[in-house]
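Here's the structure we're looking at; comments come further down.
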There are 2 protein chains.
Amino acid sequence: MTRTGERTTVTSAAVLDSALTLFAELGYHGTALSQIAESLEVRTPSLYNHMRGKQGLLLTIVRGTVTGVLDDFAAATDGLTDPGDKLRAAVRAYALRHASHRREAIVVNRDTSSLDEPHRSEMQELRRRHDHALRAIIEEGVTAGRFSVDSPALASFAIREMCVSVARWFRDDGPRTADQVADEYTDFAMRIVGSR
Amino acid sequence: MTRTGERTTVTSAAVLDSALTLFAELGYHGTALSQIAESLEVRTPSLYNHMRGKQGLLLTIVRGTVTGVLDDFAAATDGLTDPGDKLRAAVRAYALRHASHRREAIVVNRDTSSLDEPHRSEMQELRRRHDHALRAIIEEGVTAGRFSVDSPALASFAIREMCVSVARWFRDDGPRTADQVADEYTDFAMRIVGSR
DNA sequence: CCTACCGATCGGTAGG
DNA sequence: CCTACCGATCGGTAGG
């Protein structure tokens, strides 16, 4: 059935996946709906059977990713009480996500600001929530005398961005698995906060 | 002479500065030349007396920044032989630049890929050169038994992106000076590589 | 799923 | 520095 010129019915998931790839590569404003249509071998108007519009695609991508990050964080740290254990688990989950959902991470980081209001503010608020949760762990560790860092805020920024960068260079066919990278970045994070 | 409705003659530098601000805020593809013109209180065609075109603005920004990064690196590490000293100096210069040239850093990181060929490849090559130089210091330190890190490549990525992130949150009117931030990030870098 | 088409806006040029 | 204007392309709609 998979012969040349075949006609695969387009689905919402396929449109979203194509948007994800193109937004990640060319940016939201650098991608035309005609390119998404072309990659799916349909005409642009046909896309409107599977999406609300260009903004809708971006919102779906961003919302799904930021809520996923928050869910990851909650699941990873659930039940843990030691600040070291919590930081390790939180960073590991965050780094792992950036290796396994590279396109999503790139789009969220570059294009969340291209969302129309009120969605932009909503999504930025959700991102801040994760930011604060990570910082709280570091502050907790400092207070408990387990971490040694001058500014928890700076350490938190540094750790976050370090993880985000994984999305930009990780390759599935590279020399390291996502797990290995996540482990190594977790070690970096523990070193940054001076864990002992 | 600075009364309302005044007519300040537009210069190339003014066009570039306005482009820098708008590209950093809205992205290259998200910025229209009409917005740059509006911010300078002239009509769009007038811009062409001071630039080659939109691509020319982007190239000027990117080229100036990446060569500046390379020059910073050379000046900072010149004459140093100890890997610890070299890494400290290189990271300090890189972090400092991201605090003091925020807009440039944001544009280079987000929009270098929007450059037309052959400039895109040229600029990416220059960025790689800095990348390799930083990594070489780490490898040197590991070989000399001064640093302790599993993968110099991963550590190098982590340190670079950590510095880049400074451009995204640093404020001149914030609680920390650029120097203080650079110092703290340098310490983070030394911790990441396990300097001893 | 398509063709036909919309108004808006884009970067850029002509010509003064 | 401007007005006038260019072709191209954008996201999206009508209507089937």
Side-chain angles (χ1 to χ4, degrees), chain A residues 1 3-23 25-62 107 110-111 113-117 119-120, chain B residues 1-23 25-62 107 111 113-117 119-120:
Chain A
M1 293 296 189
R3 64 187 190 281
T4 317
E6 74 178 309
R7 194 146 286 284
T8 308
T9 304
V10 170
T11 61
S12 300
V15 172
L16 206 60
D17 187 75
S18 179
L20 205 40
T21 298
L22 286 162
F23 288 175
E25 188 183 333
L26 307 172
Y28 176 74
H29 287 303
T31 302
L33 289 181
S34 60
Q35 293 173 287
I36 296 174
E38 191 182 12
S39 81
L40 297 167
E41 298 182 277
V42 296
R43 306 292 176 180
T44 305
S46 301
L47 296 177
Y48 285 85
N49 295 309
H50 308 288
M51 63 170 195
R52 287 198 183 190
K54 200 185 178 189
Q55 276 281 318
L57 291 175
L58 180 58
L59 179 59
T60 301
I61 292 168
V62 174
V107 173
R110 188 214 271 134
D111 295 315
S113 58
S114 294
L115 241 19
D116 289 338
E117 292 291 7
H119 300 299
R120 177 173 59 210
Chain B
M1 293 299 187
T2 20
R3 64 187 191 281
T4 317
E6 74 180 311
R7 194 147 286 284
T8 308
T9 305
V10 170
T11 61
S12 300
V15 173
L16 206 59
D17 187 75
S18 178
L20 205 39
T21 298
L22 285 161
F23 288 176
E25 188 184 333
L26 307 171
Y28 176 75
H29 287 302
T31 301
L33 290 182
S34 61
Q35 293 173 287
I36 296 175
E38 190 182 14
S39 81
L40 297 167
E41 299 182 275
V42 294
R43 305 291 177 181
T44 306
S46 301
L47 296 176
Y48 285 85
N49 295 309
H50 309 287
M51 61 169 199
R52 288 197 182 191
K54 200 185 179 188
Q55 276 282 316
L57 292 175
L58 180 58
L59 179 58
T60 301
I61 292 168
V62 174
V107 173
D111 295 316
S113 59
S114 294
L115 241 19
D116 289 339
E117 291 293 8
H119 300 299
R120 178 174 56 209

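Hydrogens, waters and symmetry mates play no part in the numbers below; they use all other heavy atoms, side chains included. So that the names make sense, note that chain A is the first sequence line, chain B the second, and so on, each numbered from 1.
Computed from coordinates, the A:E38 CD to C:dC1 P distance equals 16 Å when rounded to whole Å. For the pair B:L47 CG and C:dT13 P, the interatomic distance rounds to 13 Å; values are reported in whole Å. Protein atom CZ of B:R52 is 17 Å distant from nucleotide atom C1' of C:dT13, rounded to whole Å. The nearest whole Å value for the distance from the NE2 atom in A:H50 to the C1' atom in D:dG12 is 16 Å. Atom pair B:L40:CG and D:dC1:C1' shows a separation of 13 Å (rounding to whole Å applied).
The side-chain hydrogen bond (donor to acceptor under 3.5 Å, both in side chains) pairs that include a residue from residues 29-38 of chain A are A:H29-A:S114, where partners are two or more places apart or lie in different chains. Residue pairs satisfying the salt bridge (Lys or Arg N to Asp or Glu O under 4.0 Å) criterion with at least one member in residues 10-20 of chain A, sequence neighbours excluded, are listed as follows: A:D17-A:R103.
Residue B:L33 comes nearest to B:M51 through the heavy atom pair CD1-CE, 3.8 Å, listed as atom of the first residue, atom of the second, then distance.
In terms of the side chain to side chain donor-acceptor pair (under 3.5 Å) criterion, A:T11 has no residue partners (sequence neighbours excluded). Annotation: side-chain contact (heavy atoms from CB on, under 4.5 Å) contacts of B:H50 (sequence neighbours excluded): B:V10, B:S12, B:V15. Among residues two or more places apart in sequence or in another chain, the side-chain contact (heavy atoms from CB on, under 4.5 Å) test is passed with A:T60 by A:L16. Annotation: side-chain contact (heavy atoms from CB on, under 4.5 Å) contacts of A:S113 (sequence neighbours excluded): none. Listed by chain and number, the residues in a side-chain contact (heavy atoms from CB on, under 4.5 Å) with B:E25 amount to none (sequence neighbours excluded). For the salt bridge (Lys or Arg N to Asp or Glu O under 4.0 Å) test, no residue two or more places apart in sequence or in another chain qualifies with A:R43.
Using a 4.0 Å cut-off on heavy atoms, the residues of residues 30-37 of chain B that approach DNA chain C are B:T31, B:A32, B:L33, B:S34, listed by number.
The shortest side-chain heavy-atom distance between B:I61 and B:F23 falls under the 4.5 Å cut-off. Within the 4.5 Å cutoff, no side-chain heavy atoms of A:R110 are placed close to those of A:Y28.
Residue B:R43 has a polar side-chain atom (N or O) positioned under 4.0 Å from OP1 or OP2 of D:dT3. Within the structure, every side-chain polar atom (N or O) of B:H29 is placed at least 4.0 Å from both OP1 and OP2 of D:dC10.
Projected onto DNA chain D by closest heavy-atom contact, A:K54 and B:S46 fall at different nucleotides, the more 5' of which corresponds to B:S46. Comparing B:T44 and A:G53 along DNA chain D, the residue whose closest nucleotide (by nearest heavy atom) sits nearer the 5' end is B:T44.
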Tabulate atom names and distances for all N/O pairs under 3.5 angstrom spanning the protein and nucleotides 14-16 of chain D.
none

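Distance from the side chain of B:Y48 is smallest to C:dG11 among D:dC2, D:dG12, C:dG11. Of the candidates C:dT13, D:dC1, D:dG11, D:dC1 carries the atom nearest the B:V42 side chain, counting heavy atoms from C-beta on.
Taken together, the paired segments of DNA chain C that extend over three or more consecutive Watson-Crick or G-U pairs, each closer than 3.5 Å at both contacts, are C:1-16 with D:1-16.
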